[in-house]
Protein chains: 2
Amino acid sequence: MTFPTPDRPATIADVARAAGVSVPTVSRVLTGAARVSEERRRRVERAIAELGYRPSAAAQVLASRRSNTIAIVAANTSRYGYAEAIRGVEESARAAGFVVIIVVVESERDDDVRAAADAVLRQSVAGVVVLKFDPPGVAALKALEPAVPVVALSGIPEPGVPQAVLDESEAAAGLTEHLLGLGHRTVHHVRIPPSGKEDGRTTGWRSALQRNGSPIPSIEDVSWEITTAYEIGVRLARDPAVTAIFCGNDETAMGVIRGIHDTGLRVPADISVVGFDDHPLAAMFIPALTTARQDFAELGRHGTAQLLALLNGESPLALETVEPPIAIRESTAPPRRR
Amino acid sequence: MTFPTPDRPATIADVARAAGVSVPTVSRVLTGAARVSEERRRRVERAIAELGYRPSAAAQVLASRRSNTIAIVAANTSRYGYAEAIRGVEESARAAGFVVIIVVVESERDDDVRAAADAVLRQSVAGVVVLKFDPPGVAALKALEPAVPVVALSGIPEPGVPQAVLDESEAAAGLTEHLLGLGHRTVHHVRIPPSGKEDGRTTGWRSALQRNGSPIPSIEDVSWEITTAYEIGVRLARDPAVTAIFCGNDETAMGVIRGIHDTGLRVPADISVVGFDDHPLAAMFIPALTTARQDFAELGRHGTAQLLALLNGESPLALETVEPPIAIRESTAPPRRR
DNA sequence: CTGAAAGCGCTAACAA
DNA sequence: TTGTTAGCGCTTTCAG
């Protein structure tokens with residue numbers, strides 16, 4: 001007869017022994033799968049508390065073929081939208097009793113995608129939430145798709161996959177129209193790395209321009225490196241045709257504004273700039289950014305809810321697309337002759 | 001005889017059967033624990049590839065009593081320093097073949113701390129990295145301490161616990177001295193939520209003031225909510241005695257500056273402000289922030305290295321305390337009479 | 001309501 | 001080098 005020692009965590013057998021019941025009985029009070037007499041339940045609970053027993057998740061997964069782990073698959077974990085979405089998923093997953101593992105897809109290269117999919121699949125997760133914000137996310141989604149319950153978090157609706165989406169194109173169009181309404185002849189666009197051929201932000205911008213009959217300037221692409229935004233700001237400031245700029249996100253907008261600023265021009269007096277996301281610092285920036293609020297954490301929560309519904313075999317929740325409200329602040333104004 | 005079906009992932013037994021070898025032989029090629037003849041190894045590898053077999057992590061943990069999971073315990077996942085540290089840990093853990101679970105400690109309340117510790121312990125992780133940046137982190141560290149290998153990530157050295165530390169007090173003192181050197185009589189301090197009684201940033205600020213014989217103003221405390229920083233900025237701007245402010249981080253500095261700005265005063269002409277961390281946006285802000293660079297991702301990487309050394313029974317790595325370099329930019333200048 | 005028996009997918013001795 | 005035999009800690013039949 002062995003006893004739990006500091007080196008050997010208590011097992012279910014230890015608990016059963018201490019409570020004077022059989023192992024399955026302990027299991028029953030643990031899982032609540034079947035009724036246990038009031039008295040034995042009490043004895044078991046006392047033994048659990050005394051021994052500081054914690055069921056082994058690995059053993060439970062193996063025996064029950066059920067998992068309480070959710071994987072978050074993402075190309076990035078620290079950038080604003082990503083981090084917020086992860087926070088939303090984690091919060092709601094934890095509230096539902098799940099543990100979260102985080103799996104990063106480095107790139108859309110086949111080996112990276114496969115490595116991520118392997119990691120997820122080996123962990124026997126209950127389901128996965130993928131941040132389909134970029135090409136690696138899209139690729140990971142494909143690699144995971146049939147093998148495990150998946151929901152995608154995305155900025156652009158797409159049929160087929162269960163998903164939660166934050167509709168970006170409406171807000172992007174709204175922001176563009178705001179600029180046009182101010183009297184700008186057209187609006188230039190600084191695009192952040194997109195999820196596919198094109199994301200909702202760019203799409204909304206273009207369609208607003210088209211509806212308005214405005215010329216469609218060529219797109220400037222930035223990387224996630226903020227200095228690229230800065231350089232584009234400098235470059236655009238030197239082009240007298242540029243009076244209004246729609247940036248793919250707020251960080252980019254700040255970089256662009258700083259670039260314009262270092263060129264001697266002023267925002268919004270000389271050039272208007274809008275961002276996207278309503279980053280916490282957007283309202284603190286000088287000038288405060290006109291932008292569109294994106295609630296990534298809510299997106300994450302919604303995605304988790306979607307996944308849990310899927311796991312329970314419930315009909316997927318209505319694809320609730322939230323339209324982000326626009327915040328008009330200081331970085332936009334009517335154009336002026338230069 | 002059963003076959004793997006789409007619903008039943010291939011098991012090691014399936015592989016053994018397909019390769020015409022015993023189960024342990026497959027296990028041997030998987031773990032590399034023992035030599036396998038060239039020919040059988042090849043057969044096994046082919047079978048693995050054909051069946052798309054992936055070993056079950058849960059079964060491996062159970063049987064081997066070894067885990068390839070590392071837990072990150074943190075009070076927050078999305079704020080700048082936290083997110084970057086998590087990124088660093090994840091990157092290096094993944095590079096070493098580990099999977100990362102993320103466990104959030106909501107608060108320092110006993111139930112939250114216990115919930116987090118339970119989650120970690122049930123998952124049979126190989127080890128854990130805790131972000132000891134705040135009271136919940138400190139509490140979690142205590143709760144985990146003897147039961148599992150732990151390393152702490154911290155801004156202030158502390159004996160006893162294996163840890164990686166980013167020494168903040170030196171840089172904080174340096175920043176304060178920079179302000180004093182500019183001619184300011186003293187430096188006010190806006191403190192972010194600290195990890196204990198006091199963090200390295202505050203300590204460094206105070207000791208620089210003391211060394212210089214400057215008066216030590218009372219401290220202003222902000223929450224993580226940026227608007228509190230804004231309000232403090234407004235309030236400090238109205239106090240003519242305030243000519244220089246040391247903020248606990250860059251976001252706070254931006255909020256404070258914005259508050260000062262809305263009051264009609266200018267930074268740095270009327271008041272100098274320094275931040276801390278060198279947030280990616282610090283250099284883009286107008287005025288660009290004078291601040292101290294903190295490499296949180298590197299801290300995370302270092303913590304993982306520390307943990308892996310611990311797991312391998314190696315002597316803990318030298319407690320390498322990185323002193324963050326100071327970046328002097330636009331938000332600081334000599335005082336002027338007001 | 002309860003316990004005995006079997007087994008989840010894998011690794012760890014142990015012989016051969 | 002290889003296979004056989006035992007479990008790892010838990011849940012799940014299945015009797016009773």
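Proteins get letters first, then strands, A, B, ... in listed order; numbering begins at 1 in each.
- There is a side-chain donor-acceptor pair under 3.5 Å between B/Q60 and A/R122.
- Using five terminal pairs a side, the axes of the helix from C/dC1-D/dG16 to C/dA16-D/dT1 at its two ends make an angle of 30°, given in steps of 10 degrees.
- The structure places OG of A/S22 at 6.0 Å from CZ of A/R28, a figure rounded to the nearest 0.5 Å.
- Identified under the salt bridge (charged side-chain N to carboxylate O under 4.0 Å, His left out) test for residues 82-93 of chain A, with sequence neighbours left out: A/E84-A/R87, A/R87-A/E91, A/E90-A/R94, A/E91-A/R301.
- When the C1' atom of C/dG9 is taken as reference, atom CZ of B/R17 falls 12 Å away, rounded to whole Å.
- Between the side chain of A/S56 and the backbone N or O of A/A59 there is at least one donor-acceptor pair closer than 3.5 Å.
- OP1 or OP2 of D/dG3 sits under 4.0 Å from a side-chain N or O of B/T25.
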Legend entry - Protein-to-nucleotide contact annotation, 5' to 3' order, nucleotides 8-16 of chain D [B base; S sugar-phosphate only; - none; under 4.0 Å, heavy atom]: BBBBBB---

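- Taking A/Y53 as the reference, nothing meets the ring-ring contact (aromatic ring centres under 6.0 Å, His included) condition, with sequence neighbours excluded.
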Inset, instruction - I would like to know whether A/I72 and A/I101 meet side-chain contact (heavy atoms from CB on, under 4.5 Å); could you show each step before the answer? - result: CA-CA 6 Å; A/I72 300 179; A/I101 86 176; over 6 Å; no

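- Of all the heavy atoms in B/I156 and B/K132, the pair that sits closest is O-NZ, 4.1 Å.
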Inset, instruction - Step by step, work out the side-chain contact (heavy atoms from CB on, under 4.5 Å) result for B/V161 and B/E145. - result: CA-CA 8 Å; B/V161 202; B/E145 197 32 319; 3.7 Å; yes

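- Of the residues in residues 36-45 of chain B, those placing a heavy atom less than 4.0 Å from an atom of DNA chain D are B/V36, B/S37, B/R40, in numerical order.
- A heavy-atom distance below 4.5 Å is found between the side chains of B/F296 and B/F133.
- Judged as a ring-ring contact (aromatic ring centres under 6.0 Å, His included), and not counting sequence neighbours, A/F98 has no contacts.
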